[in-house]
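A, B, ... follow the sequence lines: proteins, then strands. Residue 1 opens every chain.
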Amino acid sequence: MLNRFLKSQRLLKSDEFQAVRGTSLTVSNTNLLILAKKNELSNARLGLAISKRNVKLAVQRNEIKRVARESFRQQVGLPNLDVVLMARPGVISLTKNELRQCIDELWQQLAKRAQRCYSS
RNA sequence: CAAGUUGGCCAAACAGUCGCUGAGGUAUAACAACCUUGGAGGAAAGUCCGGGCUCCAACGGGCAGAGCACCAGGUAACACCUGGGCGGUGUGAGCCGACGGAAAGUGCCACAGAAAAUAUACCGCCAAUUAACUUCGGUUGAUCGGUAAGGGUGAAAAGGUGCGGUAAGAGCGCACCGCGUUGUUGGUAACAAUAACGGCACGGAAAACCCUGCUCGGAGCAAGACCAAAUAGGACCUCGUUAAUUCGUGGCCCACGAUGAGGUCGGGUAGGUCGCUCGAGGGUGUUAGUGAUAACACUCCCAGAUGAAUGACUGUUCACGACAGAACCCGGCUUAUCGGCCAACUUGGAUC
């Protein structure tokens with residue numbers, strides 16, 4: 001069951017995105033930025049914000065979203081967070097495999113940060 | 001065989017596992033789950049034209065503004081397509097073309113050049129008169145005329161070539177070509193061919209303004225229609241007539257109304273549903289047409305998401321995979337694009 005990706009695991013409303021955007025729990029590198037906020041559910045939820053300004057072509061935006069979703073789907077250890085993944089201009093230069101690796105690493109960082117932040 | 005032209009088609013293939021999403025089914029109070037079956041493009045792109053659809057406006061007409069501009073046909077429509085004409089270009093198949101009007105008017109043509117549209121006379125050429133010189137043939141200068149052949153300038157120099165003609169020249173005359181006018185013939189037409197006449201009058205630029213003809217109401221699916229919390233406010237009905245030095249009508253009391261509670265209604269925000277994909281639709285065939293296309297018959301249902309699906313992994317094969325992602329729907333145009341296949345045709349070479 002863990003490696004599915006249902007609607008309950010996504011952010012669907014504009015309000016939910018706004019709520020996450022106001023938080024301070026972030027993880028990032030030169031290509032991507034992840035914002036997160038604790039929710040009251042039993043699982044994590046993912047929202048994608050790939051702007052047209054940073055990634056110009058629709059095909060590239062779609063590809064980033066697919067890689068991100070696939071990566072998120074296969075994560076097991078994430079706590080109950082609302083997560084928004086944003087793209088920075090550098091992502092275009094990455095290949096698909098590099099991008100995947102990059103996102104996987106960010107999830108691990110996020111899990112650690114979250115544990116430290118919310119356990120105290 | 002090589003090089004090329006035009007038109008059409010494809011856009012790595014197959015298998016397995018996992019995942020997303022539309023529809024149908026099983027099942028259920030409902031969700032979840034399971035099964036079956038669909039799930040990006042030739043440009044989905046740029047948003048440059050043309051339509052459908054929706055709402056708004058509207059008696060009709062004109063002006064303004066914008067667009068279009070050889071002819072005929074096709075189409076729902078077009079700035080598109082087909083066929084034809086004309087011009088340009090290529091050995092050729094072919095390709096390219098803001099292709100109405102400059103004799104309606106106003107204006108423009110830099111620099112150079114004598115002169116840039118009323119033609120003109122710088123050099124040159126020629127005649128006459130005259131002066132000087134003379135080897136008596138003439139030469140040089142001046143004056144006054146003729147000339148547009150030659151020179152030089154320019155993107156462009158006022159028809160071209162040849163012969164005649166002449167003092168030198170000149171459409172001055174003639175022939176051919178070009179141009180114009182009027183006919184005739186062919187063609188639906190654009191236009192072409194041809195005859196007679198004219199005798200060159202009519203330079204370029206319409207992408208300077210402009211004139212002529214034709215077309216055009218506006219906004220867009222965030223169109224528009226429906227359902228509809230919470231909160232604030234509104235209308236109506238019912239209940240309560242009290243907790244009150246409350247407020248209004250009133251001189252005061254009574255009374256009535258407001259302030260209260262509940263309900264109903266209307267508008268309408270968040271949110272949701274519809275619009276939404278069966279269509280100027282695809283496939284096959286026949287007929288008409290040079291063709292674009294049309295008619296008829298049979299047949300098929302082929303994305304519909306909404307924080308927004310069409311993907312990931314593994315294996316095998318090959319030529320090792322370009323440009324690129326639907327968002328109301330069609331018809332075009334333009335731009336991007338690794339490579340492959342088919343048909344017709346052209347040029348060159350080889351062989352028989």
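- Nucleotide B:A322 has no partner under the Watson-Crick or G-U criteria, as no pair reaches both atom distances under 3.5 Å.
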Collect all protein-nucleotide pairs involving nucleotides 325-327 of chain B in which both atoms are nitrogen or oxygen and the distance is under 3.5 Å.
from: B:G325; atom 1: OP2; to: A:Ala58; atom 2: N; distance (Å): 3.4
from: B:G325; atom 1: OP2; to: A:Val59; atom 2: N; distance (Å): 3.4
from: B:G325; atom 1: N7; to: A:Asn62; atom 2: ND2; distance (Å): 3.1
from: B:G325; atom 1: O6; to: A:Arg66; atom 2: NH1; distance (Å): 3.0

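- Regarding A:Gln101, its CD atom lies at a distance of 17 Å from the P atom of B:A312, rounded to whole Å.
- No side-chain heavy atom of A:Val83 sits under 4.5 Å from any side-chain heavy atom of A:Leu35.
- Atom CZ of A:Phe72 and atom P of B:A312 are 19 Å apart (whole Å).
- In this structure, A:Arg113 contributes its side chain and A:Thr26 its backbone to a donor-acceptor pair below 3.5 Å.
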Please list every donor-acceptor pair under 3.5 Å in which a side-chain atom of residues 94-101 of chain A meets a protein atom from a residue at least two apart or in another chain.
from: A:Thr95; atom 1: OG1; to: A:Glu98; atom 2: N; distance (Å): 3.3
from: A:Glu98; atom 1: OE1; to: A:Thr95; atom 2: N; distance (Å): 3.1
from: A:Arg100; atom 1: NE; to: A:Asp104; atom 2: OD1; distance (Å): 3.4
from: A:Arg100; atom 1: NE; to: A:Asp104; atom 2: OD2; distance (Å): 3.4
from: A:Arg100; atom 1: NH2; to: A:Gln74; atom 2: OE1; distance (Å): 2.7

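- Nucleotide B:U347 forms a Watson-Crick or G-U wobble pair with B:A2, both donor-acceptor distances falling under 3.5 Å.
- Nucleotide B:A196 has B:U181 as its partner under the Watson-Crick or G-U criteria, with both atom distances under 3.5 Å.
- Figure legend. B:A15 is base-paired to B:U314; pairs are counted as Watson-Crick or G-U wobble with both atom distances under 3.5 Å.
- For B:C80 and B:G97, the P atoms lie 10 Å apart once the distance is rounded to whole Å.
- Figure legend. B:U337 is base-paired to no nucleotide; pairs are counted as Watson-Crick or G-U wobble with both atom distances under 3.5 Å.
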Can you tabulate the close N/O pairs, meaning under 3.5 Å, that link protein atoms to atoms of nucleotides 305-307 of chain B?
from: B:U306; atom 1: OP1; to: A:Lys7; atom 2: NZ; distance (Å): 3.1
from: B:G307; atom 1: O2'; to: A:Leu11; atom 2: O; distance (Å): 2.3
from: B:G307; atom 1: N2; to: A:Leu48; atom 2: O; distance (Å): 3.2

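- Judged as a salt bridge (Lys or Arg N to Asp or Glu O under 4.0 Å), and not counting sequence neighbours, A:Arg10 has no contacts.
- Listed by chain and number, the residues in a salt bridge (Lys or Arg N to Asp or Glu O under 4.0 Å) with A:Arg61 amount to none (sequence neighbours excluded).
- Residue contacts shown for A:Lys96 are limited to sugar-phosphate atoms, with no base heavy atom under 4.0 Å away.
- When the P atom of B:A308 is taken as reference, atom NZ of A:Lys65 falls 8 Å away, rounded to whole Å.
- Take A:Glu70 and apply the salt bridge (Lys or Arg N to Asp or Glu O under 4.0 Å) test, not counting sequence neighbours, and it matches A:Arg73.
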